[in-house]
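What follows is a single structure, written as structure tokens, with notes after it.
Sequence lines set the chain letters: A, B, ... in the order given, protein chains first and strands last, and positions in each chain run from 1.
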2 protein chains.
Amino acid sequence: MARDDARRPPATLQDVARDAGVSLATASRTLNGSARRVKEEYRARVLAAAERLNYAPNLQAQAVARGRTNTVGIIVSDITDPYFAQIAGGIIAAAEAGGMGASISVSGRDPEREVQLVSSLRGLRPAGIVLVGSRVTDAAVTARLETQLRDFEAEGGHVVLVTQAGLPFDTIAFDNVEGARALAARLATAGYARAIVLAGPERLMTSRERADGFLEGWAVAKHPADAGPFEDTLDVPVVHSEFTRAGGYEAMGRALADHGRPDLVFAVTDLMAVGAMARLREAGIEPGRDVAVAGFDDIETLRDVTPGLTTVRLPLEQGGIAAVDLILHRTGSQSLMRLPAEVVVRESTPAGVEHE
Amino acid sequence: MARDDARRPPATLQDVARDAGVSLATASRTLNGSARRVKEEYRARVLAAAERLNYAPNLQAQAVARGRTNTVGIIVSDITDPYFAQIAGGIIAAAEAGGMGASISVSGRDPEREVQLVSSLRGLRPAGIVLVGSRVTDAAVTARLETQLRDFEAEGGHVVLVTQAGLPFDTIAFDNVEGARALAARLATAGYARAIVLAGPERLMTSRERADGFLEGWAVAKHPADAGPFEDTLDVPVVHSEFTRAGGYEAMGRALADHGRPDLVFAVTDLMAVGAMARLREAGIEPGRDVAVAGFDDIETLRDVTPGLTTVRLPLEQGGIAAVDLILHRTGSQSLMRLPAEVVVRESTPAGVEHE
DNA sequence: GTGAAAGCGCTAACAG
DNA sequence: CTGTTAGCGCTTTCAC
């Protein structure tokens with residue numbers, strides 16, 4: 001059956017004004033909070049006309065006239081990853097609560113793509129851009145990203161980075177280093193001897209921060225007398241792979257082959273930890289009994305794995321909300337907000353539990 | 001430190017044209033795929049100027065001039081729920097691949113809010129709106145939703161519903177009924193006797209479809225001679241709760257109290273199934289050993305729970321992609337695409353496994 | 001208070 | 001092929 005393709009154009013402000021018998025200006029003023037007030041009689045007529053014509057303001061036109069949209073542009077690495085979904089959820093909710101729309105793009109963890117996305121987002125003239133995800137070690141692409149973001153701010157936009165500090169913009173930073181350090185300290189003193197770290201891609205700062213924090217906390221706890229951590233962490237192997245379940249699985253296999261069975265596996269991500277557990281079982285090693293496993297993030301949908309995964313909880317949604325807050329109430333100066341991490345010990349590291 | 005708040009306005013097409021020494025039209029034509037071609041010399045000059053001025057086209061202005069944006073508006077119930085995240089991921093990826101932006105709103109599972117969101121999305125003049133989530137039984141709010149969507153189409157927009165058929169728009173429907181029916185048949189013949197269903201809110205069609213499909217499949221398998229399923233399903237209790245892990249937990253508790261221990265628990269959602277398993281354990285009943293449990297969706301991050309959850313897999317991402325496809329290549333007539341469901345038997349229903 | 005009119009940045013006839 | 005020009009729908013001075 002052919003669809004009703006009337007293409008009746010949407011009612012415009014013109015239409016409303018004409019229908020109400022007032023000027024364009026008056027209609028505009030009553031239909032959106034202008035500073036000036038309109039006589040009640042006209043107001044009512046305009047409102048009635050708008051209702052009757054089912055008028056919806058053309059946001060694009062408004063944006064063109066005003067020079068900026070009431071929108072926040074979100075860039076995440078992967079919306080399918082619960083870590084990002086949680087943060088994005090916070091951003092979207094806060095944006096809607098603040099009367100703003102949200103547009104979203106996915107970079108697929110590609111830094112180049114991230115730069116591209118910022119560039120095209122700029123065309124949307126959003127009030128702000130929230131860039132969520134790990135920064136990378138590559139200085140060249142970071143420089144290009146910074147240029148794009150600077151340009152956006154020069155145009156009057158507001159940039160907020162969510163994840164870690166380092167670039168000259170407002171940022172919400174999760175305390176990866178301190179969280180990993182605390183986790184390591186807790187587990188080191190609980191009695192585990194040989195640890196191994198399953199890290200993400202080397203270029204990702206988030207992976208580095210977590211791995212380094214862990215190594216540092218581990219070294220300090222094991223050799224409290226020593227000053228520098230470097231000598232002492234040499235005995236904790238670090239294996240790199242992707243930031244996914246599959247990555248954890250793969251890294252665990254490699255780790256077992258290259259370094260034998262450890263007492264404790266620290267995966268820099270819950271997703272990786274779960275992959276690692278699967279790989280361990282496949283090798284006949286039972287996580288939580290034969291070997292301890294810890295992750296990072298405290299992903300909600302992963303809280304039901306067995307054994308319960310020891311991890312570090314991050315206030316992800318809160319981070320998203322805070323980012324929008326910064327956009328809504330922009331201050332004159334660059335601000336940095338550190339969000340705390342909290343160690344959560346569960347049965348995957350039984351010695352840690354007893355050590356409570 | 002005070003921020004560099006120069007507010008240098010972004011370069012406009014005017015600026016580029018002037019800088020390149022060509023007309024506005026020429027600049028416009030080279031900078032965005034117009035049908036017409038531009039002499040190579042001018043082309044180069046314009047491109048260079050654009051590069052030099054760091055020009056980014058004002059998408060709002062383009063939209064105003066063209067009458068429509070190159071955007072798809074997404075409405076989901078909850079981006080934090082992996083079910084929706086997966087679908088949204090498909091939509092966003094497909095949109096970007098098709099050169100479109102994506103704007104996203106979250107309804108929080110509130111049908112009223114959904115209507116509101118469609119209404120304000122209309123203001124964005126997106127090429128299409130993809131409405132993802134269960135339809136509801138409430139006729140009044142459904143009528144209002146339909147009105148909004150019709151208006152949007154009358155204005156030249158394109159509506160795609162993802163989840164189930166029933167409204168007069170293009171839709172991508174997951175085969176909930178058939179999937180649940182197949183699951184029930186498989187498990188009923190595997191030897192389970194007393195079943196119980198943990199359903200979502202009664203008004204949600206998705207919950208109904210899955211519960212009804214299960215009851216039907218169960219009845220047919222148990223009493224193949226009978227024609228009507230109604231008499232025969234009376235012995236399978238249905239308990240309702242929220243569409244979340246907490247909902248599953250709560251419903252399971254109530255089910256145990258009201259109906260005693262079943263042989264098989266079917267939760268209409270993996271999330272609910274996992275909550276139910278937790279509640280069972282708390283009651284000293286071990287899922288997969290003392291009682292069988294099955295879910296629906298085959299959520300990726302839930303594939304690592306123990307025992308492995310028997311469930312029905314839905315091509316979620318594919319559904320999102322198909323929706324965008326419909327927007328990109330709109331046909332004249334209303335189309336309905338049914339996406340198949342696939343039963344996945346794991347250790348949470350051991351009899352089902354053996355029965356392979 | 002109200003309305004006329006000049007933009008906002010871009011597109012798309014239309015004429016050369 | 002190029003340039004001129006009239007819009008797109010809305011905001012916002014600026015007179016009244």
Taking D/dT12, C/dC8, C/dC10 as options, the one with an atom nearest any side-chain atom of A/V64 is C/dC8
Quick check for you: to the nearest 0.5 Å, what is the distance between A/I91 atom CD1 and A/M100 atom CE?
12.0 Å
Rounded interatomic separation in angstrom, taking CG from B/N58 and C1' from C/dG9:
6 Å
Can you tell me the distance, in whole Å, between the CZ atom of B/R45 and the P atom of D/dT2?
10 Å
Are side-chain N/O atoms of B/S103 and A/S103 paired as donor and acceptor at under 3.5 Å?
no
Identify the heavy atoms of A/I75 and A/S107 that sit nearest to each other, and give their distance.
CG2-CB, 4.4 Å
Strictly below 4.0 Å: does B/S23 bring a side-chain N or O up to OP1 or OP2 of D/dG3?
yes
A/G133 backbone acceptor or donor facing A/R135 side chain under 3.5 Å
yes
Any donor-acceptor N/O pair under 3.5 Å between D/dG3 base and B/R29 side chain
yes
Please report, rounded to the nearest Å, how far the C1' atom of C/dG9 is from the CZ atom of A/R66.
16 Å
Under 4.0 Å: is that the gap between some side-chain N or O of A/T26 and OP1 or OP2 of C/dG3?
yes
How many whole angstroms separate atom CZ of B/R37 from atom C1' of D/dG3?
19 Å
Please report, rounded to the nearest Å, how far the C1' atom of C/dT2 is from the CD atom of A/E40.
16 Å
So, does B/N32 get its side chain near the phosphate of C/dT11, meaning an N or O under 4.0 Å from OP1 or OP2?
yes
Which residue lies more 5' along DNA chain C, comparing A/K39 with A/L24 via nearest heavy atoms
A/K39
Rounding to an integer number of Å, can you tell me how far A/D15 CG sits from D/dC10 P?
8 Å
How many whole angstroms separate atom CG of A/L13 from atom P of D/dT11?
7 Å
Does A/Q14 put a side-chain nitrogen or oxygen below 4.0 Å from OP1 or OP2 of D/dG9?
no
Specify the residue among B/A25 and B/Q60 whose closest nucleotide of DNA chain C lies further upstream toward the 5′ end.
B/Q60
Of the nucleotides C/dG9, C/dC10, D/dC10, which one has an atom closest to the side chain of B/P57?
C/dC10
Below 4.0 angstrom from OP1 or OP2 of D/dT11, is there any side-chain N or O of A/S28?
yes
Whole angstroms only, please: what is the CZ-C1' distance between B/R43 and D/dC1?
14 Å
Do you know which two heavy atoms are closest between B/Q164 and B/A173, and how far apart they sit?
CA-CB, 4.0 Å
